[in-house]
Every structure is written in C-alpha cells, then in structure tokens.
Amino acid sequence: MSRHGARHARCAAECSRCDAVCCRLTVVLDDDDHVPEHLTELLPGGARVMAHGADGWCVALDAEHRNCGIYDDRPDTCRRFVMNGPYCRSVRSEHAARGTIPLLLR
Ligand code: SF4
Ligand code: SF4
C-alpha cells in the first residue's frame, strides 16, 4: 500500500470527502430501475448497465460536484451502496493504492 493509501485506510469514508470512487464500478440495472436509456449501455452478455465515460466514471456523475446527477432516479444498486461499509472501504483502498487517479481527501 502506498503512503497515500495507508493514510487513506485510517480515515472513515465519507462521500463528502471522496472522489465518488464507487461510481467507477459496474452498476447492473434491473427492470425496477428507471434510468434514461442514453445513460446506459448493453453488455455483450445482455445485461444493461450504467455507461461509463472515457474517464472511467459513470456518465451520470456530476463531475464538478462529484455527486450523482440523477440522484432521485439512481439505480437500486447505488441506493444500497453503504458509505463506509466494507465494499466502500475496499474500493477506496484499492483506488488509493493504485494511485493512478488520486483520491480527494478534503
Ligand atoms: S459510498 Fe464510499 S466510495 Fe462511494 S462516494 Fe461515498 S465514500 Fe466514496
Ligand atoms: S447512477 Fe449515480 S450513484 Fe450510481 S454510479 Fe452513476 S453517478 Fe454514481
């Protein structure tokens, strides 16, 4: 783990101090989700997912404010993603350790 990553691992995860790392993950949509189709893509296997931009983040992310641009209509998977939960902490640690795109630690 990098020095940045070690420091990062000691901090409780907060969305207000995060670069929306979870919005780089693959979000699979289901029939109960109502996301505008132009924000989604179909994988070769047939699953519909949130589309990603060239920067790696979900295209629905408000890049300036680092929050969800479709918050009221965000997919169920995103609603169930728990801040500072095990998965959140895991993806943040991986992202910080990789060091390719620095996490914001404000
Ligand atoms: S849920 Fe976790 S990974 Fe996602 S924005 Fe919040 S702190 Fe970052
Ligand atoms: S829909 Fe919103 S919360 Fe879900 S990955 Fe995209 S930007 Fe993040």
Side-chain angles (χ1 to χ4, degrees):
M1 182 181 286
S2 68
R3 193 176 61 168
H4 187 176
R7 178 167 63 99
H8 171 74
R10 290 194 298 270
C11 303
E14 291 179 32
C15 299
S16 61
R17 297 190 304 127
C18 179
D19 250 353
V21 180
C22 54
C23 298
R24 293 175 60 85
L25 300 173
T26 299
V27 176
V28 178
L29 304 171
D30 63 31
D31 292 343
D32 293 332
D33 291 318
H34 301 289
V35 176
E37 194 169 328
H38 72 277
L39 299 176
T40 73
E41 63 187 10
L42 205 54
L43 296 182
R48 185 162 290 280
V49 299
M50 291 302 299
H52 287 119
D55 60 2
W57 270 271
C58 172
V59 294
L61 185 73
D62 176 338
E64 182 182 351
H65 300 102
R66 288 287 180 216
N67 54 28
C68 182
I70 56 165
Y71 188 79
D72 289 343
D73 295 317
R74 69 197 187 285
D76 187 55
T77 296
C78 304
R79 294 171 189 272
R80 289 187 281 107
F81 199 93
V82 179
M83 181 179 76
N84 202 35
Y87 200 13
C88 162
R89 295 182 64 81
S90 172
V91 296
R92 283 169 53 92
S93 293
E94 285 174 18
H95 193 72
R98 211 176 299 133
T100 49
I101 303 172
L103 281 169
L104 290 183
L105 294 169
R106 292 175 286 224

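Computation of the quantities below employed the complete heavy-atom set of this structure, encompassing side-chain atoms and omitting hydrogens, waters and symmetry-equivalent molecules. One is the number of the first residue; the rest follow in order along the sequence. Counting starts at 1 for both ligands and their atoms, in listed order.
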Handout entry: N/O donor-acceptor pair under 3.5 Å between Arg66 side chain and Cys15 backbone
Key = no

Handout entry: Donor-acceptor contact below 3.5 Å, side chain Ser90 vs main chain Pro86
Key = no

Handout entry: Path from Leu61 to Ile70 over hydrophobic side-chain contacts below 4.5 Å
Key = no

Practice task
Using 2.8 Å as a strict upper limit, say whether an N, O or S atom of Cys18 approaches atom 2 (Fe) of ligand 1 that closely.
Solution key: no

Problem - Atoms in ligand 1 flagged as close to Phe81, the criterion being non-hydrogen separation under 4.0 Å - result: 1 (S)

Exercise for the section: Hey, could you give me the CZ/CG distance between Arg74 and Asp72, rounded to the nearest 0.5 Å? Expected result: 7.5 Å

Fill in the blank from the handout: In ligand 1, the atoms that come under 4.0 Å of a heavy atom of Ala20 are 5 (S)

Practice task
State plainly whether one hydrophobic cluster holds both Val49 and Leu25, where clusters connect Ile, Leu, Val, Met, Phe, Trp and Tyr through side-chain heavy atoms under 4.5 angstrom apart.
Solution key: no

Exercise for the section: Using the rule that two of Ile, Leu, Val, Met, Phe, Trp, Tyr join whenever any of their side-chain heavy atoms come within less than 4.5 Å, decide whether Val21 and Tyr87 are in one cluster. Expected result: yes

Completion exercise
of all protein heavy atoms, closest to atom 2 (Fe) of ligand 1 is Cys88 SG, 2.4 Å

Handout entry: Close-contact set for ligand 1 against Cys22 heavy atoms, below 4.0 Å
Key = 1 (S), 3 (S), 4 (Fe), 5 (S)

Exercise for the section: Kindly indicate, with the supporting measurements, whether the criterion side chain to side chain contact (heavy atoms under 4.5 Å, CB included) is fulfilled by Asn84 and Glu14. Expected result: CA-CA 7 Å; Asn84 202 35; Glu14 291 179 32; over 6 Å; no

Handout entry: Within-2.8 Å protein N/O/S contacts of atom 2 (Fe) of ligand 2
Key = Cys68 SG

Exercise for the section: Test Phe81 against Val27 for side chain to side chain contact (heavy atoms under 4.5 Å, CB included), laying out the working first. Expected result: CA-CA 11 Å; Phe81 199 93; Val27 176; over 6 Å; no

Practice task
Using modelled atom types only, decide if a donor and an acceptor are shared between the side chain of Thr40 and the backbone of Glu37 within a distance under 3.5 Å.
Solution key: yes

Fill in the blank from the handout: of all protein heavy atoms, closest to atom 6 (Fe) of ligand 1 is Cys15 SG, 2.3 Å

